[in-house]
Amino acid sequence: DVEFDEQGNAVRAIGFTQDITERKLAVEELKRANLMLSSVIESPDNVIIFALDRRYNYLSFNSAHVREMKRVYGADIEIGQPILTYIPREDDRLKAEVNYRRVLKGERFVEVEEYGQADARSWYELIYNPMYDTSDNVVGFTVFVTDVTTRKQTELQIIENQMQLKSLASELVLAEELERSRIAVHLHDDVCQNLAYAKMKLQMVSAELDSQDQTEHLTEASDTLTRMVEELRT
């Protein structure tokens, strides 16, 4: 503003200034929020996205999240409402709260977990990212979710198959040990005893012979039977 004297000459100028820092920061924060909301609205249909504040209240979500919450929990979700009130299973709520506390501490991480009612359990890959204000304080977080049920079921099937193979291998080893034991018993109780009996009969015949040559042949045959019995026992 300018003041003039009686002759119309400017004698003084007055200026006013205004600190618009807070307004500027608010505009930047609004832009950031709009960018987040745009990403949610324009997100791919197969990606589930939602954002929560520090009290786990909904800030935004896309249509994929609406459909999934309806399918899995039968819930009709609303902006501003706490997500945990829509999750009836206690174990699912506890898992979610653990993750929410982590991300609100500023941690970015990925989890693969199972959620849903007993008749609609699904596996999800969840990507957690904290949201910050202009002072770098965590004010909430976003969660990007992908249904990985088919992949997880395949992984679980592979693990189950591997366990079955290990079980079959153990059963095969046990069967081989039982077979070896059966053969050993047969050799000891049947074959060795028959050979020993044959040796005894040869010795009896040899004792009754007068011919030296025949006695030597029978003794040689008896010695052969002795070696066979020892080898079979080994």
Side-chain angles (χ1 to χ4, degrees), residues 25-164:
L25 293 177
V27 171
E28 293 298 324
E29 184 64 24
L30 183 59
K31 288 181 179 179
R32 182 183 300 184
N34 287 335
L35 182 61
M36 180 196 70
L37 292 174
S38 297
S39 67
V40 170
I41 295 172
E42 299 171 2
S43 61
D45 192 57
N46 63 332
V47 178
I48 300 167
I49 305 176
F50 61 93
L52 306 178
D53 63 17
R54 293 192 63 87
R55 294 188 176 185
Y56 315 152
N57 297 322
Y58 277 118
L59 296 174
S60 62
F61 45 71
N62 66 351
S63 58
H65 182 56
V66 175
R67 291 193 302 271
E68 195 68 6
M69 290 295 286
K70 183 67 174 179
R71 182 186 73 84
V72 175
Y73 294 119
D76 296 313
I77 60 177
E78 296 180 4
I79 296 295
Q81 296 301 312
I83 186 174
L84 296 181
T85 61
Y86 297 115
I87 302 177
R89 285 182 62 117
E90 182 179 3
D91 55 343
D92 286 353
R93 289 198 304 272
L94 292 175
K95 282 187 296 186
E97 284 189 275
V98 169
N99 294 334
Y100 297 168
R101 287 195 291 268
R102 285 177 61 186
V103 69
L104 286 175
K105 292 179 181 179
E107 183 179 353
R108 291 180 172 85
F109 60 95
V110 179
E111 290 288 347
V112 176
E113 295 176 324
E114 189 179 24
Y115 288 91
Q117 295 289 58
D119 58 344
R121 298 292 282 178
S122 298
W123 286 92
Y124 301 95
E125 181 182 76
L126 305 102
I127 303 175
Y128 291 87
N129 287 286
M131 295 190 305
Y132 298 89
D133 61 14
T134 54
S135 300
D136 286 334
N137 298 313
V138 179
V139 295
F141 56 93
T142 59
V143 186
F144 288 72
V145 187
T146 304
D147 190 327
V148 295
T149 302
T150 301
R151 186 186 77 187
K152 190 65 179 180
Q153 288 175 342
T154 301
E155 293 174 356
L156 294 175
Q157 186 62 51
I158 291 174
I159 294 174
E160 182 179 352
N161 291 342
Q162 290 174 341
M163 294 179 62
Q164 289 179 350

| query | Is Glu90 salt-bridged to Arg93, cutoff N-O under 4.0 Å? | reply | no
| message | Do Arg121 and Thr149 pair up side chain to side chain, a donor and an acceptor below 3.5 Å, judged on atom types alone? | response | no
| message | I'd like to check Ile77 versus Val66 (side-chain heavy atoms, cut-off strictly below 4.5 Å). Are they in contact? | response | yes
| said: For a quick check under 3.5 Å, do Asn99 and Tyr128 share a side-chain donor-acceptor pair by atom type? | reply: yes
| request: Side-chain contact test, heavy atoms from C-beta onward, threshold under 4.5 Å: evaluate it for Asp76 versus Lys70 and give yes or no. | output: yes
| field | Heavy atoms of other groups near Arg55 CZ, more than 12 under 6.0 Å | value | no
| request: Indicate yes or no for a side-chain donor-acceptor contact from Asp53 to the backbone of Gly140 under 3.5 Å, with no hydrogens or angles considered. | output: no
| message | Just checking Tyr58 against His65, ring centres under 6.0 Å apart? | response | yes
| If you take all heavy atoms of Leu84 and Ala96, which pair is closest and at what distance? | CD2-CB, 4.2 Å
| Using 4.0 Å as the upper bound for N to carboxylate O, is an ion pair formed by Glu111 and Arg102? | yes
| said: Does any part of the side chain of Tyr132, heavy atoms only, come nearer than 4.5 Å to the side chain of Val138, both counted from C-beta? | reply: yes
| request: To the nearest 0.5 Å, tell me how far Ile83 CD1 sits from Glu78 CD. | output: 13.5 Å
| Heavy-atom pair of closest approach, residues Gly116 and Arg89 | O-CD, 2.8 Å
| Which heavy atom in Ser122 sits nearest to a heavy atom in Arg71, and how many Å separate them? | OG-NH2, 3.1 Å
| Can you name the closest pair of heavy atoms from Tyr124 and Asp147 and give their distance? | CD2-CA, 3.9 Å
| field | Derivation of the side chain to side chain contact (heavy atoms under 4.5 Å, CB included) call for Ile79 and Phe61 | value | CA-CA 8 Å; Ile79 296 295; Phe61 45 71; 3.4 Å; yes
| Between Tyr86 and Tyr73, is the gap from one ring center to the other below 6.0 Å? | no
| request: Would you mind reporting whether Phe50 and Thr142 have side-chain heavy atoms less than 4.5 Å apart? | output: no
| said: As a quick check of understanding, evaluate side chain to side chain contact (heavy atoms under 4.5 Å, CB included) for Asn57 and Leu52, giving each step before the final call. | reply: CA-CA 5 Å; Asn57 297 322; Leu52 306 178; over 6 Å; no
| note | Scanning both residues in full, the closest heavy-atom pair of Asn129 with Val103 reads C-CG2, 3.7 Å
| Which value, rounded to the nearest 0.5 Å, describes the distance between Phe141 atom CZ and Met131 atom CE? | 8.5 Å
| query | Below 4.5 Å, heavy atoms only, C-beta onward: do Pro130 and Glu107 meet side chain to side chain? | reply | no
| note | Smallest heavy-atom separation, Glu125 atom then Val110 atom, equals CG-CG1, 3.7 Å
| query | So, do Tyr115 and Ile87 sit near enough that their side-chain heavy atoms are less than 4.5 Å apart? | reply | no
